Amino acid sequence: MSPEESKTIDFIREAVAEDLRTGRFSYVRTRLPPEPNGYLHIGHVKAFMIDYLIAKENNGELILRFDDTNPTKEETEFVDAIQDDARWLGIQWVKVTYASDYFGLLYDWAVQLVKKGLAYVDDQSPEEVSANRGTLTEPGKESPYRNRSVEENLDLLERMKNGEFPDGSRVLRAKIDMAHPNINMRDPVMYRIIHEPPHHRTGSKWKIYPMYDWAHGQNDSMEGITHSLCSLEYENHRPLYEWFPEQLGVWKPRQIEFARLNMTYTVMSKRKLRRLVEEKVVNGWDDPRMPTLRAMRRRGYTPEAVLDFIRRVGVAKNYSISDVSLLEACVRDDLNKRALRRMAVLRPLKVVIDNYPDNQTEEMDAVNNPEDPSAGTRKIQFSKIVYIEQDDFRETPPPKYYRLFPGNEVRLRYAYLVKCTHVVKNDKGEVVEVHCTYDPATRGGDAPDGRKVKSTIHWVSATHAKPIEVRMYDRLFTKENPEEGENDFIECLNPKSLEVLTGCAESILSAAKAGDRFQFERQGYFCADPDSAPDKPVFNLTVSLKDAWAKIEKKR
RNA sequence: UGGGGCGUGGUGCAAGGGCAGCACACCAGCCUUUGGAGCUGUGGAUCUUGGUUCGAAUCCAGGCGCCCCAGCCA
């Protein structure tokens with residue numbers, strides 16, 4: 001974090017500072033409240049960083065608390081994966097807790113509310129509860145069970161807890177106001193009965209489980225949370241979250257809501273992401289096209305770049321969709337400074353240098369990173385036959401095309417100036433071989449006579465080339481906002497979101513290990529995939545380089 | 001037609017009564033042994049109407065638009 005960026009602060013930081021100033025709170029403690037029912041995605045990172053940084057900036061504490069109030073959805077696998085991803089981001093917490101740690105105390109608090117006549121057991125069916133809730137414009141109807149005696153409620157609640165009643169037969173409800181204009185205040189459900197499956201932490205001990213609306217705020221209270229930061233959708237619930245601790249006479253955190261992160265060309269809801277996995281649109285949760293952290297990691301994004309993006313999108317209450325190209329810019333920005341440069345040809349075209357000695361090989365010096373002299377140099381082998389990119393040759397060049405074409409001279413990076421003389425075609429008329437002559441006086445790439453060439457292209461020596469698999473990723477969707485409109489989001493999938501190529505690379509790349517990041521010159525940043533074999537590395541396209549020529553071509 | 005929230009260039013975020021600014025994107029140019037990176041420059045925004053004020057993106061009132069809420073999900 002640079003110092004100049006904090007010239008203006010967001011409304012949450014402002015509110016926290018004010019609370020400290022006025023003495024509403026004497027310390028800051030926040031919490032991360034993930035539900036362990038899926039993997040973290042980029043949207044979670046925003047929420048996580050708000051909680052983490054606000055605690056850190058105020059010398060406060062962050063608690064990682066898993067919201068495991070629904071055994072039908074949650075699994076231990078996700079508890080581990082979420083912590084792993086959060087650590088990757090560099091987030092630090094003082095302790096890990098679970099909503100389930102507090103089931104006992106929370107039950108006691110519910111009993112207190114019953115005793116005060118503020119909660120009751122309702123025997124209505126789920127359908128009746130729903131039908132009697134009223135509508136947005138009409139008040140609800142009070143349950144016929146709403147005015148049971150405290151004794152009866154206590155007895156029934158106890159028996160619910162003991163598992164005497166089947167799922168769905170009864171619930172515990174707060175007794176607030178069935179005519180309240182805010183639907184969340186119309187006697188919200190606090191406990192429901194769930195016998196199966198067993199809870200991932202408490203096993204079969206509990207037969208009733210608290211609803212999020214009942215558990216969450218009370219857990220915050222129990223942990224002495226000062227600022228309960230969450231997304232806009234909970235704004236409507238805030239009156240309820242304030243009502244409970246008020247009646248109980250316990251610690252009241254301050255809830256502040258912000259707009260969640262959305263991104264162009266992707267979907268963010270767990271439900272939709274799960275569909276992509278289950279319908280095999282992608283190859284799992286860590287498919288590099290997914291917006292999950294596991295996918296971004298595999299794709300080669302750095303935590304620094306992800307965090308920079310989150311910092312740059314800011315915090316506000318406006319509904320917004322951030323541009324994925326900003327994320328990509330952050331990734332390029334970071335990788336430009338640190339990625340070692342390598343030469344790799346993704347779609348090879350054979351080039352024969354006719355006047356180069358048949359069996360000669362030379363070693364050329366190449367810099368590893370022009371942005372970082374300390375990265376040093378390496379040797380690259382050169383010989384009579386090299387591969388270049390198919391895109392770097394045109395038999396008949398369009399306007400402004402500076403690369404190889406008959407009669408034109410270009411530089412083979414770090415090697416020689418070469419001039420195209422003629423081509424060889426196959427039966428179908430496709431160019432299969434480009435013939436050139438080289439100028440021996442231009443070794444390294446500079447001409448003694450001072451003549452310039454418009455273009456420098458990358459290459460790989462045919463006799464030294466190592467095969468590589470390259471997975472070229474593009475956006476998963478063709479629409480900026482796949483969720484917009486009537487159509488199913490799955491209908492705007494980009495059919496070309498993955499293209500697998502077999503290319504070749506300078507020999508040093510065959511030693512790449514999973515997770516190694518490189519810039520393939522003139523093409524993009526790539527990250528070695530865990531699928532790599534010793535003899536055949538596999539690379540994922542992290543993000544392409546900006547391509548001025550592609551832009552010119554596209555405009556045509 | 002209930003309640004809650006939000007409206008600033010294409011996108012995201014600033015400006016808290018005093019010259020509407022930053023980033024990404026876009027466009028043009030310079031430079032370049034990556035058509036990368038870097039550098040320079042251009043264009044483009046306060047939802048609307050009225051009020052208060054010397055002065056309003058900012059304060060007030062009305063209108064319009066968008067988002068959220070009727071799970072025994074979170």
Side-chain angles (χ1 to χ4, degrees), chain A residues 5 7-8 10 14 33-35 37 67 69-70 72-74 122 124-126 129-131 133-140 167-173 180-186 188-194 208-209 211-213 215-216 230-239 257 259 261 264 270-271 309 312-330 332-333 336-337 341 343 366-367 370-371 400-403 411-415 417 444-446 452-458 480 519-524 544-552:
Chain A
E5 84 198 41
K7 251 194 291 192
T8 66
D10 57 74
E14 227 166 75
E35 185 189 15
N37 72 341
D67 258 314
T69 55
N70 187 347
T72 65
K73 296 192 168 178
E74 294 140 8
D122 193 349
Q124 291 183 107
S125 69
V129 170
S130 175
R133 184 150 17 230
T135 69
L136 296 179
T137 52
E138 298 161 316
D167 286 14
S169 58
R170 278 179 238 260
V171 289
L172 183 73
R173 288 230 253 172
H180 199 109
N182 182 338
I183 290 183
N184 296 307
M185 300 296 272
R186 316 236 265 231
V189 173
M190 295 167 63
Y191 279 104
R192 71 296 211 180
I193 301 171
I194 300 175
I208 57 172
Y209 289 91
M211 297 289 289
Y212 177 87
D213 272 357
H216 189 79
C230 60
S231 53
L232 253 25
E233 60 201 287
Y234 293 105
E235 209 153 22
N236 294 326
H237 297 243
R238 196 170 63 219
E257 310 85 6
L261 176 73
T264 53
K270 280 183 200 166
R271 208 195 98 248
F309 168 70
R312 290 208 233 176
V313 296
V315 181
K317 294 189 77 158
N318 305 332
Y319 173 85
S320 62
I321 305 180
S322 292
D323 197 336
V324 70
S325 65
L326 176 59
L327 208 208
E328 292 169 345
C330 293
R332 284 191 194 101
D333 198 44
N336 176 49
K337 284 176 269 177
R341 313 291 132 121
M343 293 208 285
V367 313
E371 303 290 321
K400 292 198 178 161
Y401 186 87
Y402 305 141
R403 282 114 92 147
R411 174 164 38 234
L412 294 180
R413 182 149 225 227
Y414 300 125
L417 263 35
D446 283 311
K452 302 285 183 197
V453 291
K454 288 279 262 183
S455 182
T456 299
I457 64 177
H458 62 277
E480 273 201 8
Q519 183 199 99
F520 291 175
E521 296 221 20
R522 300 207 306 135
Q523 307 195 102
S544 66
L545 249 27
K546 284 206 274 186
D547 188 344
W549 170 244
K551 210 172 273 180
I552 293 170

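These figures come from a predicted structure and were not determined experimentally. Chain letters run A, B, ... following the sequence lines, proteins first and then strands; every chain starts at 1.
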What interatomic distance, in whole Å, is found between P of B/A15 and the corresponding atom of B/C67?
26 Å

B/G44 and B/U1, which share atom name C1', separated by this distance in whole Å
40 Å

May I have the distance from A/R186 (atom CZ) to B/C69 (atom P), rounded to whole angstrom?
15 Å

Give every pair of a protein N or O atom and an N or O atom of nucleotides 36-39 of chain B that lie under 3.5 Å apart, one pair per line with the distance.
residue, atom, partner, partner atom, Å
B/G36, N2, A/E371, OE2, 3.1
B/A37, O2', A/N336, ND2, 3.0
B/A37, O2', A/E371, OE2, 3.2

Rounded off to whole Å, could you give me the NE2-to-P distance for the A/H237 and B/C73 pair?
14 Å

Test salt bridge (Lys or Arg N to Asp or Glu O under 4.0 Å) applied to A/R238 - qualifying residues, sequence neighbours left out
A/E257

Of the nucleotides B/G35, B/G71, B/A74, which has the atom closest to the A/R133 side chain?
B/G71

Nucleotide of B/G12, B/C72, B/C69 approaching A/V313 most closely (side-chain heavy atoms)
B/G12

May I ask you to say what A/Y191 touches in the nucleic acid, namely base, sugar-phosphate or nothing, with a heavy-atom cut-off under 4.0 Å?
nothing

Could you state the atom-to-atom distance from CD1 of A/I194 to P of B/C72 in whole Å?
12 Å

Could you tell me whether A/V315 contacts a base, only the sugar-phosphate backbone, or nothing, with contacts defined as non-hydrogen atoms closer than 4.0 Å?
sugar-phosphate

Partner set under side-chain contact (heavy atoms from CB on, under 4.5 Å) for A/S320, not counting sequence neighbours:
none

Does A/Y401 have any ring pair (Phe, Tyr, Trp, His ring centres under 6.0 Å) partners at least two apart in sequence or in another chain, and if so, which?
A/W549

So what does A/T69 touch, heavy atoms closer than 4.0 Å: a base, only the sugar-phosphate, or nothing?
sugar-phosphate

A/S320 side-chain N/O to B/C13 phosphate OP1/OP2 under 4.0 Å
yes

I'd like to check A/L412 versus A/I457 (side-chain heavy atoms, cut-off strictly below 4.5 Å). Are they in contact?
yes

Applying a 4.0 Å non-hydrogen cut-off, can you work out what A/S130 is touching in the nucleic acid: base, sugar-phosphate, or nothing?
sugar-phosphate

Who pairs with A/H216 by ring pair (Phe, Tyr, Trp, His ring centres under 6.0 Å), at least two apart in sequence or on another chain?
A/Y212

Distance-minimising heavy-atom pair for A/V313 and A/S322
CG1-OG, 3.4 Å

Interatomic distance where CG belongs to A/D446 and C1' belongs to B/U32 [whole Å]
12 Å

Classify A/D167 by what it touches in the nucleic acid, base, sugar-phosphate, or nothing, heavy-atom distance under 4.0 Å.
nothing

Say we look at B/C19 and B/U58: how far apart would their P atoms be, to the nearest angstrom?
14 Å

Which residues satisfy the ring pair (Phe, Tyr, Trp, His ring centres under 6.0 Å) test with A/H237, sequence neighbours excluded?
A/Y234, A/Y241

Applying a 4.0 Å non-hydrogen cut-off, can you work out what A/M185 is touching in the nucleic acid: base, sugar-phosphate, or nothing?
nothing

For nucleotides B/G2 and B/U42, find the distance between their P atoms and express it as a whole number of Å.
50 Å

Rounding to a whole Å, what distance do you find between A/R271:CZ and B/C73:P?
16 Å

Which part of the nucleic acid does A/I321 contact within heavy-atom distance under 4.0 Å: base, sugar-phosphate only, or nothing?
sugar-phosphate

Mind checking A/Y414 for me? I need base, sugar-phosphate or nothing, with any heavy atom below 4.0 Å counting as a touch.
base

Under 4.0 Å, heavy atoms only, any strand: does A/F309 hit a base, just the sugar-phosphate, or nothing?
nothing

Closest nucleotide of RNA chain B for A/D122 versus for A/E521: which of these residues is on the 5' side?
A/E521

Could you give the CG-to-C1' distance, from A/D323 to B/C13, as a whole number of Å?
13 Å

Students often get this wrong, so: under 4.0 angstrom with heavy atoms, is A/R411 touching a base, only sugar-phosphate, or nothing?
base

Euclidean distance for P, B/G18 against B/G43 (whole angstrom)
25 Å

Per-residue pairing states of RNA chain B in dot-bracket (Watson-Crick or G-U under 3.5 Å; . unpaired, | other strand) read .((((((..((((....[..))))..((((.......)))).....(((((..]....))))))))))).....

Can you name the salt bridge (Lys or Arg N to Asp or Glu O under 4.0 Å) partners of A/D547, sequence neighbours left out?
none

In this structure, how many angstroms lie between the C1' atom of B/C13 and the CG atom of A/L261, rounded?
13 Å

Sequence neighbours excluded, which residues qualify as ring pair (Phe, Tyr, Trp, His ring centres under 6.0 Å) partners of A/F309?
none

With sequence neighbours excluded, residues passing salt bridge (Lys or Arg N to Asp or Glu O under 4.0 Å) with A/E328
A/R475

Could you check how far CD of A/E233 sits from P of B/G71, rounded to whole Å?
15 Å

Working note: A/K270 + A/K73, criterion side-chain contact (heavy atoms from CB on, under 4.5 Å); need CA distance, chi angles, decisive distance, verdict.
CA-CA 12 Å; A/K270 280 183 200 166; A/K73 296 192 168 178; over 6 Å; no

Judged by modelled atom types alone, do A/N70 and A/T72 share a side-chain donor-acceptor pair under 3.5 Å?
yes

Comparing A/G134 and A/E480 on RNA chain B - which has the more 5′ nearest nucleotide:
A/E480

When you compare B/A74 with B/G38, how far apart are their C1' atoms, in angstrom units rounded to a whole number?
47 Å

What is the minimum heavy-atom distance between A/S455 and A/R403, and which atoms define it?
OG-CG, 3.4 Å

Mind checking if A/S169 touches a base, just sugar-phosphate, or nothing, with heavy atoms under 4.0 Å?
nothing

Test of understanding: with side-chain contact (heavy atoms from CB on, under 4.5 Å), list the residues that count as partners of A/T137, not counting sequence neighbours.
A/T135

Contact class for A/K454 (heavy atom, under 4.0 Å): base, sugar-phosphate, or nothing?
nothing

Within the 4.0 Å limit for protein heavy atoms, which parts of nucleotides 1-8 of chain B are touched? Write it as a string from 5' to 3', B for base, S for sugar-phosphate only, - for none.
-BBSSSS-

Counting any heavy atom closer than 4.0 Å, what does A/H180 reach on the DNA or RNA strands: base, sugar-phosphate only, or nothing?
nothing

With rounding to whole Å, what would you report as the distance between B/C6 and B/C73 at their C1' atoms?
25 Å

Which part of the nucleic acid, if any, lies within contact of A/R413, taking any heavy atom under 4.0 Å across all strands shown: a base, the sugar-phosphate backbone alone, or nothing?
base

For the pair A/Y402 and A/V453, evaluate side-chain contact (heavy atoms from CB on, under 4.5 Å) and give the outcome as yes or no after the intermediate values.
CA-CA 9 Å; A/Y402 305 141; A/V453 291; over 6 Å; no

Conformer about C1'-N of B/G5 - syn within 90° of 0, anti elsewhere
anti

The nucleotide from B/A74, B/G35, B/A25 with an atom nearest the side chain of A/S325 is B/A25

Quote, to the nearest angstrom, the C1' distance that separates B/C68 from B/U11.
22 Å

